[in-house]
Amino acid sequence: MYTGTPEFFDTKRGVAGLEPLHDRIQFLTLAGFANPRQPQLELKPFDARRLKEVALKLREIYPTANRTGIVNKVTSEFIERLVTKVTAGFKGDVGVVPRQFLRQFVNILDLAAENDEFDPMSAEGFEPIDLNEVELLIREGRTYFDEEPADIQGYAAVEF
C-alpha cells in the first residue's frame with residue numbers, strides 16, 4: 001500500500017509515464033461513483049467534521065489494555081477542542097493539516113496510554129468549560145450521588 005498525489009498517478013512524470021502500469025492501477029469513476037475495490041482509492045477532502053470522526057475512530061481502535069482510561073483522558077470534548085484549535089485560521093478547510101493533526105493525535109493517545117498522570121486537556125492548555133454539577137463533582141474527586149449505607153454495607157470500596 002502506498003499514497004501519492006494526483007500528479008504522481010496521472011502525469012507523464014509519474015505513473016502515467018509507464019502506460020502498462022497506469023492502465024492497471026488508474027483511478028476510474030462512472031457517473032461520479034468510484035469502485036472501492038479498484039487498485040487506487042479516492043480520499044475525500046477533510047473538514048472539521050471528518051477530522052473529528054477520524055479521531056474518534058482512532059481512539060476506538062487504539063490498541064490498549066485500558067480502553068476506559070483512554071476514553072476518560074482523550075474525551076470527545078478534548079477531540080472537539082483539538083480539531084477547533086488545529087483548524088483555526090483555515091476557515092474550516094483542514095485539507096492542509098490532517099497529516100499533522102493525526103500525527104499529533106496518535107502521539108497524545110500514546111502518551112495517555114503510557115503515562116497514568118498525563119492529562120491531554122492540561123497539556124494542550126485546555127480548561128474544561130461549561131461543566132455541569134455532576135462533572136464538577138467528578139473533577140473534584142467527589143461522588144455525584146448520595147451513598148446509602150445499605151449500598152456499601154458488606155462490600156469493599158472499589159476505586160476507579
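The figures that follow rest on heavy atoms only: side chains count, while hydrogens, waters and symmetry mates do not.
Annotation: the span from Ile70 atom CD1 to Thr75 atom OG1 amounts to 12.0 Å, rounded to 0.5 Å.
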Just distance, no hydrogens or angles: give the donor-acceptor pairs under 3.5 Å from side chains in residues 58-65, sequence neighbours left out.
from	atom 1	to	atom 2	distance (Å)
Arg59	NH1	Val74	O	2.7
Glu60	OE2	Lys57	NZ	3.3
Tyr62	OH	Asp110	OD1	2.5
Thr64	OG1	Asn66	N	3.1

Show me, pair by pair, the donor-acceptor contacts under 3.5 angstrom made by side chains of residues 9-30, not counting sequence neighbours?
from	atom 1	to	atom 2	distance (Å)
Thr11	OG1	Glu7	O	2.6
Arg24	NH1	Pro20	O	3.4

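For Phe118 against Ala123, the heavy-atom pair with the smallest separation is CE1-CB, 3.7 Å.
You'll find the side chain of Met121 reaches within 4.5 Å of the side chain of Arg81, heavy atoms only. Between Ile79 and Phe105 the shortest side-chain heavy-atom distance falls below 4.5 Å.
Scored by the side chain to side chain contact (heavy atoms under 4.5 Å, CB included) test, Asn107 finds Leu111 as partners (sequence neighbours excluded). In this view, Lys52 and Glu80 satisfy the salt bridge (charged side-chain N to carboxylate O under 4.0 Å, His left out) rule, not counting sequence neighbours. Applying the salt bridge (charged side-chain N to carboxylate O under 4.0 Å, His left out) test to Arg49 and every residue at least two apart in sequence or in another chain returns Glu53. For Asp119, the side chain to side chain donor-acceptor pair (under 3.5 Å) partners at least two apart in sequence or on another chain are Ser122.
Val71 and Val54 fall into different hydrophobic clusters, where Ile, Leu, Val, Met, Phe, Trp and Tyr residues are linked whenever their side-chain heavy atoms come under 4.5 Å apart, directly or through other members.
Panel note: side chain Asn35, backbone Arg37; a donor-acceptor pair is recorded below 3.5 Å. Of the possible donor and acceptor atoms, none in the side chain of Lys73 sits under 3.5 Å from a partner among the backbone N and O of Ile108.
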